[in-house]
Amino acid sequence: MDLFALYQSRIADALSALFPQLADAPELLRRFVVEPPRDASHGDMSTNAAMVLAKPLKSNPRAIAEQLAEKIGEFDGIEAVDIAGPGFINMRLAANVWQDMIATINAESADYGRPKEAPSGKVNVEFVSANPTGPLHVGHTRGTVFGDALARLMAFSRYDLSKEYYINDAGGQIGVLAKSVMLRYCEALGHEIGEIPKGLYPGAYLVPIGKKLADQFGDELLNMDEAAAIDKIKPIVLDEMMGLIKADLAKLNVHHDHFFSEKQLHGEDGDIRKTLDWLREEGLVYQGTLEPPKGKTPEDWEDREQTLFKATDFGDDTDRALVKSDGSYTYFAADIAYHRNKYLRGFNEQIVVLGADHAGYVKRLKAAGKAVSGGEANVDVKICQLVNLLRNGEPAKMSKRAGTFVTLGDLVDEVGPDVVRFIMLFRRNDAPLDFDFDVVTAQTRDNPVFYVQYAHARACSVFRNAKRDLPDLDISLAALQKADLSLLNDPAEIELIKVASQFSRVVAGATEAHEPHRIAFYVHELASAFHAFWTKGKERPELRFVNLDEQTITLSRLALVNAVRQVLANSLEILGVSAPEELS
RNA sequence: GGUCCCGUAGCUCAACUGGAUAGAGCAAUUGACUUCUAAUCAAUAGGUUGCAGGUUCGAGUCCUGCCGGGAUCGCCA
């Protein structure tokens with residue numbers, strides 16, 4: 001349950017009663033917000049309703065606020081209302097409202113923070129989608145973690161959702177890859193292959209695949225036409241590469257629901273052809289020429305007529321080529337078909353997670369999404385900025401040639417999935433990120449992963465101690481639900497509950513904005529509030545959780561601790577980070 | 001040159017889609033460990049939100065123009 005949403009709707013009701021003309025304009029009632037004021041001295045909740053509605057109601061904010069405040073004062077749980085500044089209405093809630101939140105959180109437990117009802121529509125989150133030509137490297141990691149956390153967040157918010165990986169298996173680079181493997185195959189058969197020729201993939205990860213082929217086929221492949229041999233091994237190589245990639249993803253606890261092959265879009269009866277036909281019927285395809293890019297004309301620029309998609313009709317800067325000079329489809333043509341395919345599968349909300357180097361691709365993807373769905377599908381492209389790896393504050397340079405190439409697997413092996421995930425999420429996705437090995441593995445509060453997990457472990461330790469010191473006390477969840485929560489009236493306790501009570505609206509905001517980092521910052525704040533309260537028990541022993549002489553208050557406090565623990569756990573669950581009961 | 005992202009405390013970053021006196025952490029200074037694991041906490045200090053305009057009751061947030069950093073720029077994927 002979300003307290004802020006609850007009072008928002010109560011205020012909306014009060015407004016419609018006060019101003020009947022608002023009944024005809026429900027969108028106005030969604031324009032105002034109920035939120036915690038930045039400055040806690042202003043109260044627990046604040047609304048800007050009077051200011052937002054002043055213009056449409058042709059009245060002044062103070063006058064509206066006066067009337068509204070009087071109504072709000074009659075609500076259950078409101079202890080004080082006042083009007084401040086240009087027309088803010090500040091509310092203070094009665095202590096029992098906060099105390100009751102503990103029971104609510106404990107009752108809803110793993111579901112606390114989820115909206116009551118599932119939103120309509122189907123969401124497709126496409127992420128990773130790295131070319132299957134080798135293992136995932138560090139550059140892929142951020143998008144992987146971000147996409148997975150966003151998917152978890154939206155699933156938590158009850159969206160009908162599918163996590164998808166688009167396999168670029170139709171382009172020329174798969175042929176190059178197969179050729180590279182052929183060399184390794186020869187090598188495995190004992191032939192001298194020398195240097196890997198330029199343009200082929202030199203990675204050692206192809207060696208075992210060559211060996212596998214040698215085991216399976218012997219020298220059979222050498223005795224056939226090279227093109228035929230390559231065609232024969234392509235699917236095998238592709239399978240092997242996807243196996244590598246899936247193994248890396250599994251290390252980060254990332255599992256896609258669907259792997260979509262680009263290849264299936266090609267061919268006479270494929271989606272690309274169908275989509276292009278459809279676009280032609282809509283008048284969105286034409287033969288024409290493009291202007292060379294200004295300021296920097298490519299040397300091999302040839303001014304030729306080509307098949308273009310009218311991307312400019314949908315907000316793109318220029319129209320885009322659909323067919324290459326050799327007659328095959330462009331990557332973008334396949335992408336348009338892919339988005340149409342998603343739309344026809346019912347995904348009216350399509351989220352695509354891309355790396356920073358694809359920022360220039362955003363407009364055309366959105367244009368494609370609009371075009372193929374008649375404006376019904378929404379495409380949101382999330383760009384993940386670069387990650388700078390650091391050791392001791394110095395850049396940890398990586399280069400494929402020097403062999404210091406860091407793969408996603410290496411990274412996870414060194415610091416663990418929790419650290420990789422949390423650090424990558426403890427930052428807006430569109431800002432660059434420093435990843436310092438020394439900081440993220442430290443067990444101090446500099447390290448936010450540790451700090452948050454420690455808070456959860458501490459909460460669990462309270463229960464272990466209670467069990468040890470008060471073996472006769474029933475501390476089951478059912479018993480906690482009977483605790484007298486009105487005993488929790490110290491300002492420090494109320495403070496902590498308030499932070500825990502923010503979770504629902506943080507989830508709602510993060511979901512709507514497609515910004516999982518908000519959950520990471522929130523859980524850090526909650527951990528901080530919990531650590532602070534914990535330490536208060538040192539200066540003021542009466543605030544300790546476990547009180548041997550007064551089991552009543554102990555039970556109440558345990559209810560509080562469990563609520564906090566639950567919210568920490570729910571937050572970490574969204575982030576895909578473990579919530580340990582004990583730190584080693 | 002076009003497009004997109006970024007510019008907030010000495011450093012690393014937030015700011016709940018336009019709200020009130022812009023917040024955390026690190027570093028600095030001071031204080032709290034016979035502990036509910038101090039693996040933590042409390043307090044002090046730190047700002048012309050790159051610059052200049054505009055929109056309005058109100059701008060870090062939206063618009064325009066500059067400055068600086070990054071990414072990208074028919075047919076690669």
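Order of the sequence lines sets the chain letters (A, B, ...), proteins ahead of strands, with each chain counted from 1. Computed from a predicted structure; not experimentally measured.
Taking only distance into account, the side chain of S528(A) never meets the base of A24(B) through a donor-acceptor pair shorter than 3.5 Å. Within 3.5 Å, no donor on the side chain of D317(A) pairs with an acceptor on the base of G2(B), nor the reverse. Counting atom types as modelled, N90(A) pairs a side-chain N or O with a base atom of A20(B) as donor and acceptor under 3.5 Å. Counting distance only, with no hydrogens placed and no angle test, the side-chain atoms of R505(A) and the base atoms of C16(B) include a donor-acceptor pair under 3.5 Å.
Considering only side-chain atoms of S46(A), the nucleotide from A71(B), A20(B), U37(B) that sits closest is A20(B). Relative to the side chain of P86(A), the nucleotides A77(B), C57(B), A15(B) differ in distance, and C57(B) lies closest. Nearest to the side chain of K363(A), among U37(B), C4(B), G19(B), sits C4(B). Here A14(B) is the nucleotide among A77(B), A14(B), U37(B) with the atom lying nearest to any side-chain atom of A431(A). The side chain of A513(A) has U17(B) as its nearest neighbour among C76(B), U37(B), U17(B).
Remark: G23(B) base-pairs with C13(B). Criterion, Watson-Crick or G-U wobble with two distances under 3.5 Å. Base pairing of U37(B) is not made with any nucleotide, judged by Watson-Crick or G-U wobble geometry with both donor-acceptor distances under 3.5 Å. The partner of A71(B) is U3(B), judged by Watson-Crick or G-U wobble contacts that both fall below 3.5 Å.
Within 4.0 Å (heavy atoms only), H524(A) reaches no atom of the nucleic acid at all. Looking at heavy-atom distances under 4.0 Å, E302(A) makes contact with a base. Using a 4.0 Å heavy-atom distance criterion, P61(A) is classed as making no nucleic acid contact. As judged by a 4.0 angstrom heavy-atom cut-off over every strand, L543(A) is placed among the base-contacting residues.
In this entry the distance linking CZ of F422(A) with P of U12(B) reads 20 Å, nearest Å. Computed from coordinates, the E525(A) CD to G25(B) P distance equals 11 Å when rounded to whole Å. Between the CD atom of Q385(A) and the C1' atom of C5(B) there is a distance of 6 Å, given to the nearest Å.
T307(A) and Q287(A) are linked by a side-chain donor-acceptor pair at a separation below 3.5 angstrom, with hydrogens and angles left out of the test.
By the 5.5 angstrom centroid cut-off and the 30-degree plane limit, H42(A) is classified as stacked against the base of A20(B). The stacking criteria are not both satisfied for F88(A) over the base of G19(B), which would need a centre-to-centre distance under 5.5 angstrom and an angle between ring planes under 30 degrees. Between the side-chain ring of F450(A) and the base of A39(B), a stacking contact exists by the 5.5 Å and 30° definition. Residue ring and base: W301(A) counts as stacked with G74(B) (centre distance below 5.5 Å, interplanar angle below 30°).
Aromatic ring centres of H531(A) and Y451(A) lie closer together than 6.0 Å. Aromatic pair Y165(A)/F260(A): ring centres not closer than 6.0 Å. Not less than 6.0 angstrom separates the ring centroid of H456(A) from the ring centroid of F530(A).
Contact check, T535(A) against U40(B): no side-chain N or O comes under 4.0 Å of OP1 or OP2. Listed pair Y451(A) / C41(B) meets the phosphate criterion, a side-chain N or O lying under 4.0 Å from OP1 or OP2. Using a 4.0 Å cut-off, no side-chain N or O of K538(A) falls inside it from OP1 or OP2 of C33(B). Taking 4.0 angstrom as the limit, N48(A) places none of its side-chain polar atoms (N or O) nearer than this to OP1 or OP2 of G58(B). Note on H531(A): every side-chain N or O is 4.0 Å or more away from OP1 and OP2 of U37(B). Look at R38(A) and you'll find a side-chain N or O under 4.0 angstrom from OP1 or OP2 of A20(B).
Note on ring orientation: taking the six-membered ring where Trp is involved, the planes of F309(A) and F332(A) are tilted (angle from 30° to 60°). By the 30° and 60° cut-offs, the orientation of the rings of H524(A) relative to F426(A) is tilted.
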- Query: Can you check salt bridge (charged side-chain N to carboxylate O under 4.0 Å, His left out) on E27(A) and R30(A), steps first, answer last?
  - Reply: CA-CA 5 Å; E27(A) 73 281 357; R30(A) 281 193 292 271; 5.5 Å; no
